[in-house]
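Single-structure report; data block below.
Throughout, protein chains are lettered first and strands after them, A, B, ... in sequence-line order, and every chain is numbered starting at 1.
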2 protein chains.
Amino acid sequence: MSRIPGRVPTQPPTLADVAELAGVSRQTVSNAVNNPDLLRADTLVRVQEAIEQLGYSPNRAARNLRTRASHLIGLRMNPGQEFTANAAMDRFVHSLVETSGEAGYHVLLFAGSGTDPLAGYDDLLRSTAVDAFVVTDTYLGNPQAAWLRERRAPFVAFGRPWDDAEATHPWVDVDGAAGTELAARHLLDKGHERIAWIGWRKDSWIGEDRRAGWSRALKARGLSTSGLASRVEDTIHSGREASAVLLDEAHPSAFVCASDTLAMGVLHTLADRGLRAGQDVAVIGFDDSQVAQVVRPGLTSVRQPLEDVASQIVNALEGLLAHPPRVGPGILLTPTLAVRGSS
Amino acid sequence: MSRIPGRVPTQPPTLADVAELAGVSRQTVSNAVNNPDLLRADTLVRVQEAIEQLGYSPNRAARNLRTRASHLIGLRMNPGQEFTANAAMDRFVHSLVETSGEAGYHVLLFAGSGTDPLAGYDDLLRSTAVDAFVVTDTYLGNPQAAWLRERRAPFVAFGRPWDDAEATHPWVDVDGAAGTELAARHLLDKGHERIAWIGWRKDSWIGEDRRAGWSRALKARGLSTSGLASRVEDTIHSGREASAVLLDEAHPSAFVCASDTLAMGVLHTLADRGLRAGQDVAVIGFDDSQVAQVVRPGLTSVRQPLEDVASQIVNALEGLLAHPPRVGPGILLTPTLAVRGSS
DNA sequence: CTCCTGCGCTTGATCGTTCCAAGGGAGCAT
DNA sequence: ATGCTCCCTTGGAACGATCAAGCGCAGGAG
C-alpha cells in the first residue's frame with residue numbers, strides 16, 4: 001500500500017515506503033535490516049539503496065511493541081550524593097553511555113527520591129519502558145536487588161551483594177581492598193613504616209573492605225596496625241580532625257584514606273602544621289576525583305577502572321537479555337594507582 | 001477478549017485485562033487514565049480499583065506508537081570534556097532529570113563522537129526515539145542548532161545563539177557577564193582597585209562575555225582595565241603562568257577568572273610565592289565546581305543557577321511540544337556568587 | 001513424468017494503545 | 001407511550017514493525 005498523497009512530507013518513511021520503492025514486500029525490507037543473510041545479494045543491494053534514498057530508520061515504538069524490548073537501560077540518578085561519589089559516578093555514566101551505545105543500547109536516566117529507594121523502578125518496569133536496570137547503590141543493604149529479583153526484572157549491579165552470599169544476580173565491582181593494598185605497598189616501597197588509615201564507620205561494607213587492604217599490606221611486612229586506624233564520617237572536616245589526632249598520637253609518616261574527601265582533610269591538617277604533603281608526610285586518597293588531579297601538589301589516589309566496569313556491565317546485560325539468558329558469576333576488577341606529588 | 005489461559009503469569013497486564021476485571025471496555029480504561037473527567041464518578045473508581053489490583057501501567061511502546069510521542073528527551077554526552085565543564089554538566093544533568101521527571105519526561109543519554117557533532121542525533125530523530133533534544137554545546141558555531149532546525153526537530157539550547165541573531169529556537173542561558181560583574185563588584189567593595197582578568201582566547205564568545213562583565217564593573221568605578229587582562233588556554237598551567245606575569249607587570253591585588261581551572265592556576269602561583277589567597281591576594285573563579293568548595297582556603301566562585309536553567313528548559317520544551325507549539329523568547333538567568341575564603 | 005526439498009520472497013495476523021464515529025441508556029418534555 | 005437530548009460507552013481501525021505460515025520456482029531423486 002502506498003502512502004496517502006498529500007500527506008505531510010515531514011512524516012518519516014516507513015517500511016512500506018521502502019518496500020514499494022524497492023519493489024519488494026515489507027518483510028523483505030525488515031529482513032534486509034535485521035537478517036541480511038536471508039536475502040539474495042542483488043535484492044539486498046536494491047533494498048539498501050531504497051533505504052538510503054528515503055533516509056529510512058525503523059520506528060522504535062513499533063519495533064519495541066512487537067519485540068517487547070526497548071533497547072533502553074534504566075539508570076537511577078541518586079539525589080544529593082557526596083562529591084566523590086558524584087565524581088566517580090560521572091565518569092561511570094560517561095563510560096556506560098559509550099559502551100552501551102556500541103552494543104545498541106541507550107541509557108535512560110530517571111530520578112530517585114531520597115527517601116524511597118524503589119521510586120521510579122516500578123513504573124518503568126511495569127510499563128516496559130526499559131529492558132534492564134543498572135543498579136549502582138547496592139551497599140548498606142538497599143532493597144533494590146531483592147525487589148528487582150522478586151519481579152524477575154533483569155538488572156546488573158555495580159557493587160557486590162555484601163549482605164547476601166546467596167545472591168545470584170550478575171554484578172561487577174572494584175576490588176577496593178586490592179586498591180588500598182596497592183596504595184600501602186607503594187608507600188612501603190618508598191620506605192614508610194608507620195602508615196595510618198582513615199576510613200569510614202564500621203557499618204560500611206565498602207569501608208571495611210578498603211581498610212582490609214591496608215591492613216593486609218602492613219601485616220605482610222610484619223608491621224603492626226594498632227593505633228594507626230581511625231573511622232569517621234566521610235567529610236573533609238572529619239579527615240582533618242582524624243589526621244590531627246593520629247599525627248599527635250601515633251606519629252605516622254603516611255596516610256591511606258578511604259576517599260579523596262578524607263585525604264583532602266589530611267592535606268588541610270598538613271598545611272595547618274606547615275608540613276609538606278609528599279615531602280614530609282605522604283597521603284593517598286581513593287577515587288581519583290578531579291580534586292585529586294588539581295590540588296597541590298597532586299593527590300596520589302586509587303583509581304577505579306570505571307571504563308572496564310561499564311564494559312563488563314554491558315557485557316553482563318547482553319548475556320542477561322539473550323535467549324536463553326546467560327548469567328555469569330560476579331566480576332571483580334582491580335583498580336590502579338594514580339601516583340602524584342602527595343606520595 | 002480475555003487473556004489466553006496458560007500464558008506466562010509474569011506478562012504485564014494490558015488495558016484489556018483491566019477492562020475485563022472492571023466490566024468496562026478498553027476505551028473506558030484508557031479514558032480513566034488519560035481523561036478521567038469523561039467518566040462517571042463511580043465508574044472511574046471501579047476502573048481505578050481494577051488498575052490498582054492488577055498493577056497496571058500503560059505499555060509505553062504501544063502508547064508511543066499510537067501517539068507518535070516517546071516522552072523522552074535526548075541529551076548528548078560529550079566525550080572528554082574539561083573538568084569544570086564536566087562538573088557543571090553533572091549538576092545540570094541531575095537537575096534536568098529531576099525537573100523533566102516531574103513533567104512526565106525521561107532523559108535519554110547518547111554518546112557523541114568527538115569528531116562529528118551531529119553523530120547520534122540523526123538516528124534518534126528518524127527512528128522517532130525522542131520527542132526533543134536538549135543541546136548543550138551551541139558555542140563556537142556548532143552546527144547542531146541549524147541542522148536540527150532544518151529538520152524541524154524540536155530542541156531547546158542551553159546557551160545563546162551567539163553567532164546567529166536571527167535564530168528563532170528557544171534557548172536558556174546564564175548571563176556570564178553579570179556573574180563576573182558581580183565578582184568584580186564584590187572585590188571593589190572590599191577595597192580592591194587593581195583587579196586583573198584571566199580569561200579565554202578571544203574566539204570564545206562565552207569568554208568574551210565573561211570578560212565584559214569584569215570590564216564593565218571596573219569602568220563603572222572609573223578604573224582602567226589596561227594591562228590587567230590576559231587571555232589563555234583553559235588549563236591550570238596557563239592560569240599559573242598568566243597570573244605570574246600579571247603579578248610581576250601589573251601588581252594586581254585581586255583576580256577574576258573565566259573558570260575555576262584558571263583560578264586554581266592563580267592559587268598555585270600565590271602558593272609558589274608565599275602569598276596567602278584571600279589575605280594577600282583575592283581570587284574568584286567561575287562555575288563553583290567541587291574543586292572550589294574543597295581547596296584551601298575555599299575558592300570564591302560564580303555559581304550558575306543550573307537548577308533554574310533546567311527548570312526553564314523543561315518549561316520551554318513543554319511549550320514546544322504542545323499543540324499548537326508555544327515558543328517563547330530566549331531566557332537569560334543571573335548567576336550568584338558563592339563567597340569563600342579566597343576573597 | 002511425478003514428487004520432494006529448499007531457497008527467496010510474500011501474505012495475513014499480531015503486539016497494546018489511542019482515535020473515530022456510531023451505539024445505547026437514562027432522563028425529560030411532549 | 002414516544003421522541004429527543006445528552007453523556008457515557010462501545011467496537012472497529014490504525015499506528016509500524018516482526019512473527020509464522022505459505023507459495024512459487026528450480027533442481028535432484030525416484
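- Here the P atom of nucleotide C:dC19 and the CG atom of B:Asn31 are 9 Å apart, to the nearest Å.
- Among the atoms of the strands shown, none is found under 4.0 Å from any heavy atom of A:Asn64.
- Note on B:Arg40: every side-chain N or O is 4.0 Å or more away from OP1 and OP2 of D:dC8.
- To the nearest angstrom, C1' of D:dT9 lies 11 Å from CZ of B:Arg46.
- A sub-4.0 Å separation between OP1 or OP2 of C:dC19 and a side-chain N or O of B:Thr67 is absent.
- Between A:Gln27 atom CD and D:dA21 atom P there is a gap of 13 Å when expressed in whole angstrom units.
- A straight line from CG of A:Leu15 to P of D:dC19 spans 12 Å, rounded to a whole angstrom.
- When the P atom of D:dT18 is taken as reference, atom CG of A:Leu38 falls 13 Å away, rounded to whole Å.
- Interface remark: the A:Arg60 side chain does not form any donor-acceptor pair with the D:dG16 base, using a distance-only criterion of under 3.5 Å.
- One distance of note links CG of B:Asn64 with NE2 of B:His71; it measures 7.5 Å at 0.5 Å rounding.
- Counting heavy atoms from C-beta on, the side chains of A:Leu72 and A:Val107 never come closer than 4.5 Å.
- Contact check, A:Ser30 against D:dT18: a side-chain N or O comes under 4.0 Å of OP1 or OP2.
- With distances taken from any side-chain atom of B:Leu39 to the nucleotides D:dG11, C:dG8, D:dT9, the minimum falls on D:dT9.
- Contact of A:Arg68 with C:dG16 (side chain to base): no donor-acceptor pair of N or O atoms is detected under 3.5 Å.
- Looking at heavy-atom distances under 4.0 Å, B:Ser25 makes contact with a base.
- If you run side-chain contact (heavy atoms from CB on, under 4.5 Å) between A:Thr28 and each of A:Thr43, A:Leu15, A:Val18, only A:Thr43 comes through.
- For B:Asn59, taking side-chain heavy atoms from C-beta onward, the closest of the listed nucleotides C:dG16, C:dT18, D:dT18 is C:dG16.
- Residue A:Thr28 is classed as a base contact, given a heavy-atom separation below 4.0 Å to a base.
- Distances were taken from every side-chain heavy atom of B:Arg66 (C-beta onward) to each of D:dG16, C:dT17, D:dC19; the shortest belongs to C:dT17.
- The residue from B:Tyr105, B:Phe155, B:Tyr121 that alone fulfils the ring-ring contact (aromatic ring centres under 6.0 Å, His included) condition with B:Phe133 is B:Tyr121.
- Summarising the geometry, atom CG belonging to B:Asn59 is positioned 9.5 Å from atom OG1 belonging to B:Thr14; distances are rounded to the nearest 0.5 Å.
- The phosphate of D:dT18 has OP1 or OP2 within less than 4.0 Å of a side-chain N or O from A:Asn34.
- If you take CG on A:Leu44 and CD on A:Glu49, they are separated by 10.0 Å, rounding to the nearest 0.5 Å.
- In this structure, CG of B:Asp37 is placed 14 Å from C1' of D:dC7, rounded to the nearest angstrom.
- Distance from the side chain of A:Arg26 is smallest to D:dT18 among C:dC9, C:dT17, D:dT18.
- For A:Val24, counting side-chain heavy atoms from C-beta on, the closest listed nucleotide (D:dT18, C:dT10, C:dC15) is C:dT10.
- Where B:Asn35 and B:Leu65 each meet DNA chain C at their nearest nucleotide, the meeting point lying more 5' is that of B:Leu65.
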